[in-house]
Colleague: 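Below are the structure tokens for one structure; questions will follow.
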There are 4 protein chains.
Amino acid sequence: MEASKTDKRSAILTAALEIFAENGFHNSPTSLIAQKAEVGTGTIYRYFESKDDLIEALHQDLEQKIHSVLLNNVPENAPIRERFIRIHANILNFLINNPFEFKFLEQYFNSPFGIEKKREKASGCDSPLALLFCEGIQQQIIKDLPEPVLFALSFGPVIFLVRDHIQGSFNLTEDIMLTTLSASWDAVKR
Amino acid sequence: MEASKTDKRSAILTAALEIFAENGFHNSPTSLIAQKAEVGTGTIYRYFESKDDLIEALHQDLEQKIHSVLLNNVPENAPIRERFIRIHANILNFLINNPFEFKFLEQYFNSPFGIEKKREKASGCDSPLALLFCEGIQQQIIKDLPEPVLFALSFGPVIFLVRDHIQGSFNLTEDIMLTTLSASWDAVKR
Amino acid sequence: MEASKTDKRSAILTAALEIFAENGFHNSPTSLIAQKAEVGTGTIYRYFESKDDLIEALHQDLEQKIHSVLLNNVPENAPIRERFIRIHANILNFLINNPFEFKFLEQYFNSPFGIEKKREKASGCDSPLALLFCEGIQQQIIKDLPEPVLFALSFGPVIFLVRDHIQGSFNLTEDIMLTTLSASWDAVKR
Amino acid sequence: MEASKTDKRSAILTAALEIFAENGFHNSPTSLIAQKAEVGTGTIYRYFESKDDLIEALHQDLEQKIHSVLLNNVPENAPIRERFIRIHANILNFLINNPFEFKFLEQYFNSPFGIEKKREKASGCDSPLALLFCEGIQQQIIKDLPEPVLFALSFGPVIFLVRDHIQGSFNLTEDIMLTTLSASWDAVKR
DNA sequence: TATGAATGAGCATTCATTCAT
DNA sequence: AATGAATGAATGCTCATTCAT
């Protein structure tokens with residue numbers, strides 16, 4: 001009748017996510033995380049080597065979650081523009097509906113953690129988005145620009161909008177979302 | 001023949017900027033900042049009320065620096081497109097040539113500090129960029145979208161590119177820069 | 001076989017009492033207290049919210065100790081004079097045998113802590129001593145003076161003597177003690 | 001037309017007295033004292049070797065002030081009782097009218113400073129009060145008790161009353177003052 | 001396996017004192 | 001003589017991590 005092994009691990013992850021998102025990594029004592037997860041302080045260290053390791057694990061989890069959301073309702077044979085918009089809408093919706101996750105990621109990528117991670121990746125010509133860009137370039141539908149540039153053009157605006165929306169300085173409606181993605185498309189299309 | 005009164009203050013600011021950029025706010029002991037600035041620990045507190053106050057001052061300084069750079073070589077009567085590209089190029093160049101400043105700002109805007117600041121501003125229909133958008137919309141050259149959206153479309157990509165460049169995952173040449181800004185313009189133009 | 005839960009708390013209290021008494025509140029680093037109590041610095045903060053809180057707790061403890069000593073061997077139906085002398089002898093003996101406690105209290109009542117406490121109390125017509133005075137006044141055995149005056153007349157000398165004795169400038173024998181309390185009685189009796 | 005040498009010294013002493021009385025020795029930065037005295041921080045160290053030295057000097061000043069007040073209106077040939085009451089009234093009035101001085105002394109005598117001083121003195125059979133006691137004992141008007149005991153009996157109540165009055169927990173009228181001193185006399189008289 | 005009491009290194013901040021001007 | 005900017009030792013408190021139970 002006890003919680004299963006994985007239950008505690010994920011209880012810790014869930015608690016940590018929320019607390020990190022709200023307080024920042026450095027204002028989130030492990031003791032507080034343990035408390036919210038309803039486990040002992042020491043228990044965290046049975047599942048994670050250190051606080052840093054916990055943060056890393058959280059990031060991995062999120063990366064996978066996003067990956068799994070990316071291609072929802074993206075028919076392989078749909079036109080490139082449609083797929084482009086669909087993919088970005090997927091991410092945008094995910095982030096808006098999961099503000100803790102968004103805040104966590106923003107912090108993560110602005111910390112020594114994220115910096116490292118990015119350096120490791122670098123040449124990630126493997127993501128669905130990268131593939132889409134390749135395809136579009138070959139078909140001469142998308143501008144022949146380096147992948148990071150296309151990524152910046154299409155993804156940068158998404159992040160900015162989500163940030164504004166979550167901070168409450170701007171209300172992102174379904175309508176505006178689609179118009180924006182459409183404009184984003186104008187940037188990358190030929 | 002000694003350092004002038006302001007010298008110490010700016011030595012502290014310079015040292016702090018660099019250390020904050022490299023280690024993050026929370027891994028930057030005031031003692032380390034003092035050491036790098038070649039002043040006593042206590043001296044920091046003659047010029048700044050607290051570490052937070054130092055961070056704030058640094059932000060104010062940067063804000064002004066950026067503001068002063070924004071309109072370089074932007075002839076008032078130039079076409080909107082040209083002014084748009086010029087302004088973004090100014091910021092982009094500034095950030096690329098001042099990586100410490102960029103890293104500091106990234107952190108700042110992902111911390112309680114930046115959040116607060118943003119909330120205060122919010123309705124910033126006063127920046128040169130906002131004015132340019134207004135003008136463009138009136139002249140039916142720029143899409144009739146809310147200012148935050150236009151801002152996201154044009155500014156988001158810039159930030160992403162600078163980040164990549166500074167992290168070393170991508171080398172941003174003058175050429176690519178201009179092509180990117182041109183694509184950015186495609187996103188906001190009618 | 002290890003120390004019980006309360007052991008550490010009281011080890012801290014004991015160490016703190018002694019160090020405060022000898023060095024004063026402000027010359028008693030928490031680190032020194034921890035060292036003497038043979039616990040880690042941080043441990044103090046598991047039992048007390050702050051150094052101030054520790055001081056407060058120490059005072060509460062002492063107040064109770066004194067209260068429990070006050071009425072030793074004070075038969076309820078003994079003559080008022082006898083009870084008066086007995087009570088004062090009890091306190092006097094307690095203070096002389098517990099010089100750390102005495103020095104602590106002297107400091108406490110000359111600090112913001114003590115001042116506050118006194119203001120809260122003020123109308124303490126509840127102590128055994130106050131009751132004794134009331135009774136004595138009614139029976140026209142004790143002068144009809146305000147309670148603070150009677151308190152000053154009987155308690156002031158006690159404190160002065162203890163101070164002298166503990167400072168070593170005067171040796172308080174059992175004999176002198178009783179003579180003094182008898183003289184003190186002369187001051188309050190009709 | 002500049003302040004004379006002594007002016008600065010006494011400005012510092014006056015400022016220090018007030019600040020010490022209000023904030024305690026340890027919450028009274030020398031910089032604050034200097035500010036209130038309208039001198040530079042460093043100037044304090046031209047007149048006093050250290051903060052401790054300043055405290056010591058303040059005490060010496062006060063001791064002398066009290067000494068000079070002690071024998072006001074005390075006719076040498078008046079009866080012992082009258083002189084006893086007069087002397088105590090003098091001190092009591094001085095302390096009540098000079099609360100800063102009182103608070104300073106209370107602190108002083110409960111700090112390492114005061115403790116030392118007392119140990120040095122010890123056998124002070126030289127004060128006017130001590131002489132009065134000697135005389136009274138010889139004339140068999142005052143109880144034959146050691147001087148510290150007589151001192152405690154007569155002086156202890158005075159201090160307690162002043163403390164209550166200054167703390168505001170009790171209003172000491174001229175009337176009560178005299179009644180109290182009269183009761184105090186009952187304690188020491190044969 | 002899970003716990004949480006204990007630890008102590010680490011940090012922001014204060015302030016007595018010095019010394020160049 | 002007077003100043004006050006500069007100093008850095010000292011201190012209260014936090015929190016990641018360990019380990020005995």
Side-chain angles (χ1 to χ4, degrees), chain A residues 2-3 5 8 25-35 38-54, chain B residues 1-3 5 7-9 12 25-35 37-54, chain C residues 1-5 7-9 12 25-35 37-54, chain D residues 2-5 8 25-35 38-54:
Chain A
E2 257 304 292
K5 200 167 178 177
K8 285 207 171 169
F25 294 154
H26 288 280
N27 290 315
S28 302
T30 49
S31 59
L32 185 61
I33 294 170
Q35 194 179 41
E38 293 182 325
V39 302
T41 339
T43 306
I44 291 180
Y45 291 83
R46 297 205 71 76
Y47 294 96
F48 306 95
E49 280 193 3
S50 64
K51 192 182 177 184
D52 284 6
D53 186 42
L54 168 57
Chain B
M1 203 54 70
E2 253 305 288
K5 202 167 181 180
D7 267 9
K8 252 162 220 217
R9 195 188 129 99
I12 292 168
F25 296 153
H26 288 280
N27 289 314
S28 302
T30 49
S31 59
L32 186 61
I33 295 170
Q35 195 177 40
E38 293 183 320
V39 301
T41 342
T43 306
I44 292 179
Y45 293 84
R46 289 201 69 72
Y47 295 96
F48 307 95
E49 281 194 2
S50 63
K51 194 181 175 183
D52 284 8
D53 186 42
L54 169 58
Chain C
M1 204 57 68
E2 251 308 289
S4 88
K5 203 168 180 179
D7 266 11
K8 251 161 219 218
R9 195 187 129 99
I12 292 167
F25 296 154
H26 288 280
N27 288 316
S28 303
T30 50
S31 59
L32 186 61
I33 295 172
Q35 195 178 38
E38 293 183 319
V39 302
T41 340
T43 307
I44 291 179
Y45 293 85
R46 289 202 68 72
Y47 293 97
F48 307 96
E49 282 194 1
S50 64
K51 194 182 177 183
D52 284 8
D53 186 42
L54 169 56
Chain D
E2 256 304 292
S4 89
K5 202 169 182 179
K8 283 208 173 171
F25 295 155
H26 288 281
N27 289 316
S28 302
T30 49
S31 58
L32 185 61
I33 294 171
Q35 195 179 41
E38 293 182 322
V39 301
T41 339
T43 306
I44 290 180
Y45 290 84
R46 297 205 71 75
Y47 293 97
F48 307 96
E49 281 194 2
S50 66
K51 193 182 178 184
D52 285 6
D53 186 42
L54 168 58

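Every heavy atom of this structure was used, including side-chain atoms; hydrogens, water molecules and symmetry mates were not. Chain naming here is simple, since letters A, B, ... match the order of the sequence lines and numbering starts at 1 in each.
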Colleague: What do the steps show when you test D:Ile33 against D:Leu54 for side chain to side chain contact (heavy atoms under 4.5 Å, CB included), and what is the final call?
Modeller: CA-CA 11 Å; D:Ile33 294 171; D:Leu54 168 58; 4.3 Å; yes
Colleague: When rounded to the nearest 0.5 angstrom, what is the spacing between CG in D:Asp52 and CZ in D:Phe25?
Modeller: 9.5 Å
Colleague: Residues in side chain to side chain contact (heavy atoms under 4.5 Å, CB included) with C:Thr30, at least two apart?
Modeller: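 Testing C:Thr30 for side chain to side chain contact (heavy atoms under 4.5 Å, CB included), a comparison that skips the adjacent residues, returns C:Thr41, C:Ile44, C:Tyr45, C:Lys51.
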Colleague: Could you check how far CD of D:Glu38 sits from P of F:dG4, rounded to whole Å?
Modeller: 12 Å
Colleague: Please state how far atom OH in D:Tyr45 lies from atom P in F:dA1, giving the value in whole angstrom units.
Modeller: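 After rounding, the gap between these two atoms is 17 Å.
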Colleague: Rounded to the nearest Å, what distance is computed from the CD atom of residue C:Gln35 to the P atom of nucleotide E:dT7?
Modeller: 13 Å
Colleague: B:Arg9 and B:Ile12: side chain to side chain contact (heavy atoms under 4.5 Å, CB included), yes or no, with the steps?
Modeller: CA-CA 5 Å; B:Arg9 195 188 129 99; B:Ile12 292 168; 5.8 Å; no
Colleague: For the atom pair CZ (C:Arg46) and OG1 (C:Thr43), what is the distance rounded to the nearest 0.5 Å?
Modeller: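 Rounded to the nearest 0.5 Å, the CZ-OG1 separation comes to 8.0 Å.
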Colleague: Starting at atom CZ of D:Phe25, determine the distance to atom P of E:dC15, rounded to an integer number of angstrom.
Modeller: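 Value for this atom pair: 16 Å.
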Colleague: Tell me which of B:Ile44 and C:Ser50 sits closer to the 5' end of DNA chain F, going by the nucleotide each one is nearest to.
Modeller: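 In this pair, the answer is B:Ile44.
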Colleague: State which residues pass ring pair (Phe, Tyr, Trp, His ring centres under 6.0 Å) with B:Phe48; sequence neighbours excluded, sorted by chain then number.
Modeller: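 With sequence neighbours excluded, B:Phe48 shows a ring pair (Phe, Tyr, Trp, His ring centres under 6.0 Å) to no residue whatsoever.
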Colleague: What nucleotide, of F:dT3, F:dG4, E:dT3, holds the atom closest to the side chain of B:Arg46?
Modeller: F:dG4
Colleague: Over how many whole Å does the gap from B:Phe48 atom CZ to F:dA6 atom P extend?
Modeller: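 Whole-Å distance recorded here is 12 Å.
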Colleague: For nucleotides 8-11 of chain E, which of its nitrogen or oxygen atoms have a protein nitrogen or oxygen under 3.5 Å away, and what is each distance?
Modeller:
| from | atom 1 | to | atom 2 | distance (Å) |
| --- | --- | --- | --- | --- |
| E:dG8 | N7 | C:Gly42 | N | 3.1 |

Colleague: Closest approach of A:Ala34 and A:Gly40, non-hydrogen atoms and distance?
Modeller: CB-O, 3.7 Å
Colleague: Should stems be defined as at least three consecutive Watson-Crick or G-U pairs with both distances under 3.5 angstrom, which of them involve DNA chain E?
Modeller: E:2-21 with F:2-21
Colleague: Can a side chain N or O of C:Lys8 be found less than 4.0 Å away from OP1 or OP2 on E:dT7?
Modeller: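 For C:Lys8, the contact criterion (side-chain N or O under 4.0 Å from OP1 or OP2 of E:dT7) is met.
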Colleague: What integer distance in Å separates B:Tyr47:OH from F:dT7:C1'?
Modeller: 12 Å
Colleague: To the nearest Å, give me how far apart CD1 (B:Ile33) and P (E:dT13) are.
Modeller: 11 Å
Colleague: Could you state the CZ-P distance from C:Arg9 to E:dA6, rounded to the nearest angstrom?
Modeller: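 One finds 13 Å between P of E:dA6 and CZ of C:Arg9, rounded.
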